[in-house]
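Throughout, a chain's letter reflects where its sequence line sits, starting with A, and its residues are numbered from 1. The figures here come from the full heavy-atom set of this structure, side chains too, leaving out hydrogens, waters and symmetry mates.
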2 protein chains.
Amino acid sequence: MAERLNEILSELSGRGFRLTRIRRGVVELFITNALPLSALEVISMLGQSITTFNKTTVYRELAFLKEHGVIKEIQFPHERAKRYELATGEHHHHLICLKCRKVEEIELEGDLEEQEKKILRSRGFHVTNHSLEFLGICQTCRWQA
Amino acid sequence: MAERLNEILSELSGRGFRLTRIRRGVVELFITNALPLSALEVISMLGQSITTFNKTTVYRELAFLKEHGVIKEIQFPHERAKRYELATGEHHHHLICLKCRKVEEIELEGDLEEQEKKILRSRGFHVTNHSLEFLGICQTCRWQA
DNA sequence: CTAGTTGCAAACATTTTGCCACTAG
DNA sequence: CTAGTGGCAAAATGTTTGCAACTAG
């Protein structure tokens, strides 16, 4: 966890960017929270450890981290605000419970590679990326009457 | 086309709702435009046939039509505003060109039923819905240098 | 030092609300 | 008539911008 943080920070530092309070704080938040956070959540969570900072800075930091491949942006279909999560490792999707709003991660075997190849063959459209989220009712909520 | 319009309108009328200028206009727009429209697009397109109306009314009409299953809401991952399209027939997805912003519809054979069953079995999460959009470069844009 | 970063205030884009007036059926 | 609709102004929400001031390295 801590080594992941240093890894990211020293990478950024090596590229000539500064390591500021907010930068450290935001990256740390994403490392300790696997699930996607909205800008507003980041702002409120950050407020618990850093006393004064401006929301603009956070928006700019999110843009910066996205730009430099540290985090990626996600748009959930049932929400207005964008979310962000660490751009780490394997490609995954989300299960979103419409009742309790809980979010789980899920990986699909083979994912959509086959489909995307088909799309290229049949339409000449080269898929570089896709967004896929599942909406439904989680196990806990199904148990409840 | 026209019969589809009457079908929808008389269905709504039968359920006790009124057929107003805006309602007719908005439904007609969705019937003649296969691809998803944003509220702002609806407002501007509507302006070409109806002289005076308020944007609030359009937002309310979109909420109404969604509520009553006439249209469905889509959130594209690269855009801010929500989009809407006729909730007609078969489930499909979209190919979104990141260069020219063109949107094409696509149907996937078998879709994700199998995956969703797996999710239920392995996690107890009951998927009721999913969102899937493909981002990439369309054939036309690939041809261009 | 100086480029990268921050704060502040204000603008922006999209959508929602309250409240009262209006009209389709 | 009267519930369903519409208009207007204002608020709410989430995000971006311009610009001057500040600071990490």
Side-chain angles (χ1 to χ4, degrees), chain A residues 6 8-28 36-47 49-68 70-84 101, chain B residues 6 8-28 36-47 49-68 70-84 101:
Chain A
N6 286 328
I8 291 173
L9 291 180
S10 60
E11 167 69 22
L12 289 175
S13 169
R15 290 198 237 164
F17 300 110
R18 297 192 191 159
L19 305 185
T20 63
R21 260 179 337 147
I22 302 294
R23 184 151 298 156
R24 278 178 223 274
V26 173
V27 172
E28 202 166 351
L37 303 175
S38 68
L40 266 31
E41 284 170 350
V42 169
I43 289 170
S44 99
M45 294 170 87
L46 217 50
S49 48
I50 302 182
T51 46
T52 59
F53 65 95
N54 193 283
K55 68 179 168 158
T56 305
T57 307
V58 174
Y59 278 105
R60 283 200 275 234
E61 190 58 33
L62 292 172
F64 173 92
L65 294 173
K66 176 185 155 194
E67 186 78 27
H68 294 87
V70 177
I71 59 177
K72 60 184 183 216
E73 192 178 271
I74 307 167
Q75 178 68 258
F76 282 168
H78 64 307
E79 286 188 329
R80 189 155 168 184
K82 291 186 188 87
R83 291 185 171 272
Y84 302 86
R101 306 266 124 160
Chain B
N6 286 329
I8 291 172
L9 291 179
S10 61
E11 167 68 23
L12 289 175
S13 167
R15 290 199 238 162
F17 301 109
R18 296 192 192 160
L19 305 185
T20 63
R21 258 176 341 143
I22 301 292
R23 182 152 299 157
R24 277 178 223 275
V26 173
V27 172
E28 202 165 353
L37 304 174
S38 69
L40 265 32
E41 284 171 349
V42 169
I43 289 170
S44 101
M45 295 170 86
L46 216 51
S49 49
I50 302 183
T51 48
T52 61
F53 64 96
N54 193 283
K55 69 181 162 140
T56 305
T57 308
V58 174
Y59 278 105
R60 282 200 275 235
E61 189 58 32
L62 291 173
F64 173 92
L65 293 174
K66 176 184 154 195
E67 184 80 27
H68 293 88
V70 177
I71 60 179
K72 61 185 180 218
E73 194 178 86
I74 307 167
Q75 178 67 257
F76 282 167
H78 65 307
E79 285 190 329
R80 192 152 166 185
K82 291 189 189 86
R83 290 185 170 273
Y84 302 86
R101 307 267 122 158

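- Counting to the nearest Å, the P atom of C:dA13 and the CZ atom of B:Arg83 are 16 Å from each other.
- Within 4.0 Å of A:Thr52, counting heavy atoms only, lie sugar-phosphate atoms of the nucleic acid but no base atom.
- Nearest heavy atom pair, residue B:Ile74 against residue B:Pro36, reads CD1-CG, 3.7 Å.
- Nucleic acid contact class of A:Arg15 (heavy atoms, under 4.0 Å, all strands): none.
- If you check residues 58-68 of chain A against DNA chain D, the residues with a heavy atom closer than 4.0 Å are A:Tyr59, A:Arg60, listed by number.
- Within residues 70-77 of chain B, no residue places a heavy atom under 4.0 Å from DNA chain C.
- Residue B:Ser13 is classed as having no contact, given no heavy-atom separation below 4.0 Å to the nucleic acid.
- One can find a donor-acceptor pair under 3.5 Å joining the base of C:dT14 and the side-chain atoms of A:Arg80.
- Applying the side-chain contact (heavy atoms from CB on, under 4.5 Å) rule to B:Asn54 yields the partners B:Thr56, B:Thr57; only residues at least two apart in sequence or on another chain are considered.
- Here the OG atom belonging to A:Ser44 is positioned 14.0 Å from the NZ atom belonging to A:Lys55, to the nearest 0.5 angstrom.
- With sequence neighbours left out, A:Glu73 forms a side-chain hydrogen bond (donor to acceptor under 3.5 Å, both in side chains) with A:Lys66, A:Tyr84.
- In terms of the ring-ring contact (aromatic ring centres under 6.0 Å, His included) criterion, residue partners of B:Phe17 (sequence neighbours excluded) are, by chain and number, B:Phe64, B:His68.
- With rounding to whole Å, A:Ile22 atom CD1 is found 10 Å from C:dT5 atom C1'.
- Heavy-atom contacts of chain B under 4.0 Å fall on DNA chain D between two terminal nucleotides, which in 5' to 3' order are D:dA3 to D:dT15.
- Counting only residues at least two apart or in different chains, side chain to side chain donor-acceptor pair (under 3.5 Å) contacts with residues 11-20 of chain A comprise A:Glu11-A:Arg15.
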Kindly give the atom pairs (protein nitrogen or oxygen, nucleotide nitrogen or oxygen) under 3.5 Å for nucleotides 9-11 of chain C.
residue, atom, partner, partner atom, Å
C:dA9, N6, A:Thr56, OG1, 3.4

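- Residues A:Ile8 and A:Leu65 have side chains not in contact (no heavy-atom distance under 4.5 Å, counting atoms from C-beta outward).
- Taking CG of B:Leu62 as the reference point, atom CD1 of B:Ile43 lies at 8.0 Å (rounded to 0.5 Å).
- Annotation: the terminal axes of the helix from C:dC1-D:dG25 to C:dG25-D:dC1 meet at 30°, where each axis is the rotation carrying the C1' atoms of four end pairs onto the next four (5 pairs per end, rounded to 10°).
- Taking each heavy atom of B:Tyr59 and B:Ala39 in turn, the nearest pair found is CE2-CB, 3.4 Å.
- Taking atom CD1 on A:Ile50 and atom C1' on C:dT5, their separation rounds to 14 Å, with Å as the unit.
- Between the CZ atom of B:Phe53 and the P atom of C:dT23 there is a distance of 17 Å, rounded to whole Å.
- Between atom CD of residue A:Gln75 and atom NZ of residue B:Lys82 there is a gap of 9.0 Å, rounded to the nearest 0.5 Å.
- The CZ atom of B:Arg23 sits 16 Å away from the P atom of C:dT23 (whole-angstrom rounding).
- Positionally, the nearest nucleotide of DNA chain D for B:Leu19 lies more toward the 5' end than for the other of B:Leu19 and A:Lys82.
- For residues 19-28 of chain A, the set of pairs meeting the salt bridge (charged side-chain N to carboxylate O under 4.0 Å, His left out) definition, not counting sequence neighbours, comprises A:Arg23-A:Glu61.
- Rounded to whole Å, atom C1' of C:dA13 lies 13 Å from atom CD of B:Glu79.
- When rounded to the nearest whole Å, the span between CD1 of A:Ile43 and P of C:dC8 equals 14 Å.
- A search for side-chain contact (heavy atoms from CB on, under 4.5 Å) contacts involving B:Glu79 returns B:Phe76, B:Arg83, not counting sequence neighbours.
- Taking CD1 from B:Ile22 and CD1 from B:Ile50, the interatomic distance works out to 4.0 Å, rounded to the nearest 0.5 Å.
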